[in-house]
Structure formats: C-alpha cells, structure tokens
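See structure below.
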2 protein chains.
Amino acid sequence: MTSKRLPDVDCAVAQALGVVGDLWSLMVLRNVFNGMHTFAALQDNLGVSSSVLSARLKTLCAAKVLVRQAATGDARSFEYHLTECGQDLYPVLIALMQWGEKWLPSQRGKRLTLIEKRSGKAILGARVLAQDGRVLKPRDVKVLPGPGIDPAFHALMTRTPAK
Amino acid sequence: MTSKRLPDVDCAVAQALGVVGDLWSLMVLRNVFNGMHTFAALQDNLGVSSSVLSARLKTLCAAKVLVRQAATGDARSFEYHLTECGQDLYPVLIALMQWGEKWLPSQRGKRLTLIEKRSGKAILGARVLAQDGRVLKPRDVKVLPGPGIDPAFHALMTRTPAK
DNA sequence: TTTTTCACTTCTGATTTAGAAGCTAATCAA
DNA sequence: TTGATTAGCTTCTAAATCAGAAGTGAAAAA
C-alpha cells in the first residue's frame with residue numbers, strides 16, 4: 001500500500017493522492033509517459049531499489065493506472081503501459097513538470113522542452129479551462145459541494161469565514 | 001525536509017516532487033486554495049498531527065510556496081497565504097482533483113463541483129494546451145532535451161527504443 | 001551446459017515518520 | 001488578576017518505510 005496515513009476525509013484530492021501521492025509513483029509514471037516500459041529501464045533510470053519499484057508497479061497496476069503485459073519476443077519480460085485512467089494523469093504530470101521547470105530551474109538551463117509533434121512548436125502547458133476554452137485563475141473558480149461531500153469536510157469548509 | 005530519498009537525476013518533476021510530492025503538502029495546499037489560512041483550521045480539517053503540519057508548513061514556506069504573515073487582531077495567530085509560486089500549483093491541484101473525482105468516485109455521488117464564479121457554470125478542468133489553445137493529448141506531445149538536461153537521464157531516455 | 005538476464009521476493013539494519021504529550025506566550029472570561 | 005483557553009510549536013518514542021544485499025526461478029544467450 002502506498003500509504004496508510006491518508007486523511008479519512010472523503011475528498012477527491014486525498015483519494016488521488018492515495019494512488020499517486022508518492023514520490024516514486026509519479027516518477028515511474030513520468031518515465032512510462034516518456035516511453036520506458038520495462039522494469040530494468042525504470043530501475044536503471046530512477047535509481048530506486050527493486051523492492052520499492054516492484055511494490056509501486058504493483059500498486060499502480062492494482063489501481064488500474066498501469067497494465068502489465070508480456071513483452072513480445074522475450075517471455076521473461078513484461079511491459080507496463082498506461083491505461084485510459086493512467087493517461088488521464090497527463091495534465092497532472094505536465095503541470096508538475098512545468099512548475100518545476102519554472103520555479104526550481106537547473107543552473108544549466110532548461111532541462112526539457114515540450115513540443116507539439118505536428119507543428120514542432122513549444123506547447124503552452126497545463127491550464128485550467130472554462131467550458132468555452134478560456135484560461136481560468138484560482139480566483140475565477142469556486143468550489144461547490146456535491147451530493148457526495150463528506151459532511152465533516154463541508155462543515156469545516158464553510159466554518160472558516162472566507163477572507 | 002520533505003524527503004531525502006529524491007532521485008538525484010536533475011529532473012523538473014523530481015524537483016517539484018521534492019517540494020510537493022508529499023501527501024500532506026498537497027492536502028495543505030488544497031485547503032489553502034479553498035480559503036483555510038490558519039494552523040488550527042488546517043489541523044482540524046486534515047486530522048494531521050501538529051508536528052507534521054508544522055513541518056510541512058515550514059517546508060512550504062521555505063520553498064516560497066506559502067508565506068506566513070501575522071494575522072490581524074490576534075498576536076499569536078499567523079496566516080498562511082499562497083505566493084505567486086504557490087498559485088502556479090493551481091493546475092496541479094485541479095488536475096488531481098478531477099482525476100480523483102473521475103476515477104475514484106464516492107459512492108454517494110459527486111463530492112465537489114468546480115464552477116466559474118462569473119457564469120456559475122461548471123468548468124472544463126485542467127488540460128494540456130498548445131500555443132493556440134487547442135487541447136493536446138499525450139501522443140500529440142514530444143519531450144525534447146534542453147541545455148540543462150542531465151546526461152544520464154538523456155542517455156536512458158534515448159536508449160530504450162520508443163515503442 | 002554454463003552463464004547471464006529478467007523480474008521479482010525476502011531479509012535486515014538504518015532512516016524517517018507519525019502521533020501523543022508537553023510547552024510557552026497571548027487572549028479571554030470572571 | 002486569576003484561571004481557563006487558544007494558537008502554534010517542539011520533543012519524544014514507537015512504528016513504518018526504505019535501500020541494499022542476497023536469493024529465486026524461468027528464459028535466453030554463449
């Protein structure tokens with residue numbers, strides 16, 4: 001299990017973090033997005049111990065973020081691929097990557113550039129959008145409780161006077 | 001320190017995760033985005049121990065994601081607010097929230113709805129955009145190494161034949 | 001046939017973490 | 001002005017976690 005110390009508040013962010021809110025899980029996913037699909041390649045690149053990598057891959061497969069499939073050609077070998085669910089994490093990773101590139105830059109310069117294959121031009125990055133495609137900022141957006149809201153969480157959200 | 005076991009590869013994602021790649025850091029940020037600014041409110045809501053909350057707030061302030069400022073009225077009390085750097089994490093949180101809502105839903109129904117204040121309509125969510133505003137998928141985007149790329153990482157990226 | 005490779009699993013010592021309790025100073029309530 | 005309460009920590013200890021080494025079994029290369 002990735003974490004036992006999850007807050008028991010039933011919150012979408014907490015649930016998501018229960019699966020990917022772990023340093024190695026996201027590093028693994030980043031590399032799978034970048035075309036690394038085997039255990040050996042991931043271990044070499046990440047420098048993580050095999051026990052931890054094995055555990056993370058198991059967790060990610062159990063959460064249906066990755067699928068493990070036999071590699072063609074070598075019967076010992078397996079490949080880890082993103083499911084639809086895993087592919088949906090793409091904005092999370094891109095957002096993290098761009099934030100790290102902007103606020104925690106390397107002294108040597110830009111580490112990575114994300115370009116659109118078709119045009120060869122740099123992409124804009126991850127943004128929060130309105131239905132009509134406008135880019136939204138934190139203060140443009142309000143959070144409304146839905147039917148599945150945890151009552152305890154809702155109480156605390158509304159208790160603190162918005163400042 | 002949030003973590004000593006960071007992979008020493010100089011990678012934007014790893015650097016970012018060094019700051020926010022921790023369950024509690026992101027939960028704290030989520031709540032600060034939602035208008036919780038004091039130690040007590042955060043602790044009540046998250047159910048985290050004070051030692052952990054204290055350490056996380058310290059880390060987040062050290063990383064300039066949050067600023068700690070004296071609250072008006074009570075000399076004991078402090079308020080934690082997002083810096084520009086912290087506000088830039090908005091797409092990360094929205095992306096995580098929507099992923100959790102979609103793939104790890106509550107049995108009771110939708111927990112949260114994000115609406116645009118101005119129109120009152122639901123927002124689309126976090127997306128990866130091209131310069132001209134088109135929404136991009138993982139396969140539309142290519143990662144190019146820049147001048148700051150870690151040679152070890154670059155070697156491993158190109159070693160594995162892209163599949 | 002022997003050796004190497006792949007993808008693990010198990011073990012152990014060392015590190016890291018979380019939660020309980022305690023602390024100090026400011027504020028409230030009488 | 002005394003006692004209780006609140007805010008924000010810090011310290012301590014027990015528990016969880018991790019890296020690294022060693023080992024496993026099956027497949028592939030030599």
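Throughout, protein chains are lettered first and strands after them, A, B, ... in sequence-line order, and every chain is numbered starting at 1.
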Quiz item: Taking only side-chain nitrogens and oxygens of B:K58, does any of them come within less than 4.0 Å of OP1 or OP2 of D:dC9?
Solution: no
Quiz item: Would you say the side chain of B:K117 lies within less than 4.5 Å of the side chain of A:V141, judging by non-hydrogen atoms?
Solution: no
Exercise. Check whether any side-chain nitrogen or oxygen of A:W24 sits under 4.0 Å from OP1 or OP2 of D:dT17, and answer yes or no.
Key: no
Quiz prompt | Near-ring test A:F78/A:F39, centroid separation under 6.0 angstrom | solution = no
Quiz item: Between A:L57 and B:V52, which is nearer to the 5' end of DNA chain C once each is assigned its nearest nucleotide?
Solution: A:L57
Quiz item: Whole-Å distance between C:dC8 C1' and A:E79 CD?
Solution: 17 Å
Quiz item: In whole angstroms, how far is the P atom of D:dT6 from the CD atom of B:Q43?
Solution: 13 Å
Quiz item: Using a cut-off of less than 4.0 Å, is there contact between a side-chain N or O of B:R56 and OP1 or OP2 of D:dG8?
Solution: no
Practice problem: Give a yes/no on whether any side-chain N or O of A:S51 is located under 4.0 angstrom from OP1 or OP2 of D:dG20. | Solution: no
Self-check item: Nearest listed nucleotide, side chain of B:S50, among C:dA21, D:dA19, C:dA18
Solution: C:dA21
Quiz item: Reckon B:R68 has a side-chain N or O less than 4.0 Å from the OP1 or OP2 of D:dC9?
Solution: yes
Quiz item: Can you tell me how far P of C:dC28 sits from CG of B:D74, to the nearest Å?
Solution: 7 Å
Quiz item: Is any side-chain nitrogen or oxygen of B:S54 closer than 4.0 Å to OP1 or OP2 of D:dC9?
Solution: no
Quiz prompt | Sidechain-backbone polar pair: B:H81 side chain, B:V67 backbone, donor-acceptor under 3.5 Å | solution = no
Quiz item: Got a salt bridge between A:R68 and A:E79, using NZ or NE/NH1/NH2 to carboxylate O under 4.0 Å?
Solution: no
Practice problem: Could you tell me the separation between the NE2 atom of B:H37 and the P atom of D:dA7, rounded to a whole number of Å? | Solution: 16 Å
Quiz item: Considering only side-chain heavy atoms of A:S49, which listed nucleotide, C:dC8, D:dG8, D:dA19, is closest?
Solution: D:dA19
Practice problem: Report yes if a side-chain nitrogen or oxygen of A:R76 is closer than 4.0 Å to either non-bridging phosphate oxygen (OP1 or OP2) of D:dA29; otherwise report no. | Solution: no
Quiz item: Nearest-Å distance, CZ (A:F39) to P (C:dC6)?
Solution: 12 Å
Exercise. Round to a whole Å and report the spacing from CE of B:M36 to C1' of D:dG8.
Key: 17 Å
Quiz item: So, A:S25 versus A:D22: side-chain donor-acceptor pair below 3.5 Å or not?
Solution: yes
Quiz item: Looking only at side-chain N and O atoms, does B:S77 come under 4.0 Å of OP1 or OP2 in D:dG8?
Solution: yes
Quiz item: Expressed in angstrom and rounded to an integer, what is the separation of B:Q69 atom CD from D:dG8 atom C1'?
Solution: 16 Å
Quiz prompt | Length of the line joining A:L46:CG and D:dA19:P, which is rounded to integer Å | solution = 11 Å
